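Data block below; observations after.
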2 protein chains.
Amino acid sequence: MRLVIARCSVDYAGRLTAHLPMAPRLLLFKADGSISVHADDRAFKPLNWMNPPCSVKESTDDDGTEIWTVTHGKSGEKLVLRIEEIQHDSTHALGADPGLQKDGVEAHLQELLAEHITTLGDGYTLIRREYPTAIGPVDILCRDGEGSTVAVELKRRGDIDGVEQLTRYLELLNRDPSLSPVKGVFAAQEIKPQARVLAADRGIACVTLDYDALRGIEPDTPRLF
Amino acid sequence: MRLVIARCSVDYAGRLTAHLPMAPRLLLFKADGSISVHADDRAFKPLNWMNPPCSVKESTDDDGTEIWTVTHGKSGEKLVLRIEEIQHDSTHALGADPGLQKDGVEAHLQELLAEHITTLGDGYTLIRREYPTAIGPVDILCRDGEGSTVAVELKRRGDIDGVEQLTRYLELLNRDPSLSPVKGVFAAQEIKPQARVLAADRGIACVTLDYDALRGIEPDTPRLF
DNA sequence: CCATAAATGTCGATT
DNA sequence: AATCGACGTTTATGG
């Protein structure tokens with residue numbers, strides 16, 4: 001990893017065109033070949049970057065300004081850095097990273113809800129998780145207290161896209177006479193107002209899930225609402 | 001901006017739980033208070049980070065290991081860094097960045113297409129951009145050569161989602177007798193095959209836009225196809 | 001401040 | 001290569 005602090009201007013030409021006026025910035029060269037240009041704010045996103053694979057060509061302007069031209073191997077995208085003044089330049093050997101271990105994403109929510117399917121209502125029974133269809137797996141398929149089939153779409157954040165997704169599943173599932181009629185439940189930790197409106201318009205029920213509460217329930221203690 | 005290269009382990013507890021085993025990494029402290037942890041790969045994406053506003057508390061473990069606890073002001077998210085060995089530590093004054101100037105994003109495409117609405121066909125006239133509806137603004141509303149209302153959904157990359165979005169608008173607009181019948185046009189720099197199929201199925205026309213050509217047209221010279 | 005939509009989204013799995 | 005869905009999405013914009 002090479003760290004350069006320098007006054008530079010940047011021009012990107014690729015998926016869009018972008019320009020950064022001359023100013024002091026951090027240039028981050030990683031071992032994977034990627035390059036990113038950071039200002040002194042925003043933790044996550046650099047001002048400009050180039051993904052690997054890419055190559056750097058160093059050259060010099062008429063007036064002696066150093067120019068680094070970064071070209072992406074496949075797409076031909078280009079990043080042109082004009083380097084006016086280097087304040088710092090150091091290289092460090094880091095080695096391969098053991099990597100990030102994550103916990104608590106949608107997969108876990110699905111497990112929990114499948115385990116506590118009565119969260120959706122009294123008498124609910126699980127048919128199966130990841131019920132396969134031609135257009136992809138339905139997160140959870142179950143039956144309600146009256147024996148009707150229910151398709152559940154699960155999200156951490158319930159957006160309008162999720163409702164569309166569930167709508168497609170319902171349309172498909174309802175063509176199967178052995179399942180039809182299939183009801184829809186849109187379940188998420190948080191459901192956006194627009195998603196709620198669209199779901200209501202399509203006759204889809206909305207359920208907000210409390211992750212901590214679900215995790216806290218004893219496996220054999222169904223919770224009633 | 002402070003650059004630290006150190007062997008560290010990281011624990012994040014917030015929207016999810018995540019752990020990074022002890023390894024050498026770059027710690028990037030920015031002037032806005034944000035912190036990011038980078039490995040020597042994964043392009044510009046940090047392994048872990050904390051957005052401002054957040055505060056750092058330094059402490060020491062029983063066995064003398066330095067511990068930096070980063071807490072997010074609002075959400076209470078936490079990032080705990082255990083620092084074993086510092087290889088490098090330098091601070092640099094960068095100042096405020098003039099910022100990135102972009103060209104070629106959807107907003108710009110919309111301006112250009114509105115200005116050259118006859119790109120869609122001879123006789124087209126603009127009604128307005130960002131035509132408001134209950135479920136969000138239609139990118140462009142216009143009339144074709146025969147006086148029919150046309151709703152245009154604009155994307156840089158035309159995906160299936162965009163067709164769904166336009167479909168929702170059309171359904172709503174067609175409930176208004178003063179506008180109905182409203183045709184749909186899906187316009188993008190690039191339209192994915194599936195999006196094209198779905199659009200055709202819904203009677204929506206597809207138009208691929210040439211950004212450079214649009215920009216090159218003289219304002220008062222309509223282009224005919 | 002909340003809600004929404006765009007993004008050079010990125011990333012991974014699957015076909 | 002294309003598609004699909006998740007992401008601690010992040011970021012910008014408008015109310």
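None of these values were measured; they are calculated from a predicted model. Here is the naming used below: chain letters follow the sequence lines, and residue numbers restart at 1 for every chain.
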Electrostatic pair A:Glu153-A:Lys155, nearest N-O below 4.0 angstrom | yes
**Asked** Just by distance, do the side chain of A:Thr149 and the backbone of A:Leu179 share a donor-acceptor pair under 3.5 Å?
**Response** yes
A:Gln189 CD to D:dC7 C1', in whole Å, measures 13 Å
For this session: Could you tell me whether the side chain of B:Asp40 and the main chain of A:Ala31 form a donor-acceptor pair under 3.5 Å?
Result: yes
B:Leu47 CG to C:dC11 P, in whole Å, measures 12 Å
* To do: Mark yes or no for whether B:Arg25, through its side chain, and B:Ala6, through its backbone, hold a donor-acceptor pair below 3.5 Å.
  => no
- Using a cut-off of less than 4.0 Å, is there contact between a side-chain N or O of A:Arg157 and OP1 or OP2 of D:dG5? no
Listing time: all N or O pairs from protein to nucleotides 3-6 of chain C that are below 3.5 Å?
from: C:dT4; atom 1: OP1; to: A:Gln194; atom 2: N; distance (Å): 3.2
from: C:dA5; atom 1: OP2; to: A:Gln194; atom 2: OE1; distance (Å): 3.4
from: C:dA6; atom 1: OP1; to: B:Glu106; atom 2: OE1; distance (Å): 3.3
from: C:dA6; atom 1: OP1; to: B:Glu106; atom 2: OE2; distance (Å): 3.4
from: C:dA6; atom 1: OP1; to: B:Lys155; atom 2: NZ; distance (Å): 3.2
from: C:dA6; atom 1: OP2; to: B:Lys155; atom 2: NZ; distance (Å): 2.8

A:Arg15 atom CZ is separated from C:dT8 atom P, nearest whole Å, by 8 Å
Looking only at heavy atoms, the pair that brings B:Thr118 and B:Tyr124 closest together is CG2-O, 3.7 Å
Handout entry: C1' gap between D:dG8 and C:dT14, integer Å
Key = 25 Å
Atom CD of B:Gln110 and atom C1' of C:dA7 are separated, to the nearest Å, by 16 Å
Between A:Arg2 and A:Asp89, does any side-chain N to carboxylate O distance fall below 4.0 Å? yes
A:Lys78 NZ to C:dT8 C1', in whole Å, measures 17 Å
A:Asp161 CG to D:dC7 P, in whole Å, measures 14 Å
Validation: residues 46-54 of chain A side-chain donor-acceptor distances under 3.5 Å, sequence neighbours left out:
none

request  = Using the C1' atom on both, measure D:dG14 against C:dT8 and round to a whole Å.
outcome  = 24 Å
### Message
Can a donor-acceptor pair be found, under 3.5 Å and without considering hydrogens, that links the side chain of B:Asp176 to the backbone of B:Ser178?
### Response
yes
Enumerate the protein-to-nucleotides 11-14 of chain D contacts in which both atoms are nitrogen or oxygen and the separation is below 3.5 Å.
from: D:dT11; atom 1: OP1; to: A:Lys45; atom 2: N; distance (Å): 3.4
from: D:dA12; atom 1: OP1; to: A:Arg42; atom 2: NH1; distance (Å): 3.1

Checklist entry - What does B:Lys74 touch in the nucleic acid at a heavy-atom separation under 4.0 angstrom: a base, only the sugar-phosphate, or nothing? => result sugar-phosphate
Rounded to whole Å, the NE2-C1' distance (A:His108 to D:dG8) equals 16 Å
- prompt: Hey, are B:Arg168 and B:Glu164 close enough for a salt bridge, meaning a charged N less than 4.0 Å from a carboxylate O?
  reply: no
To the nearest angstrom, the CH2-P distance between B:Trp49 and D:dG8 comes to 6 Å
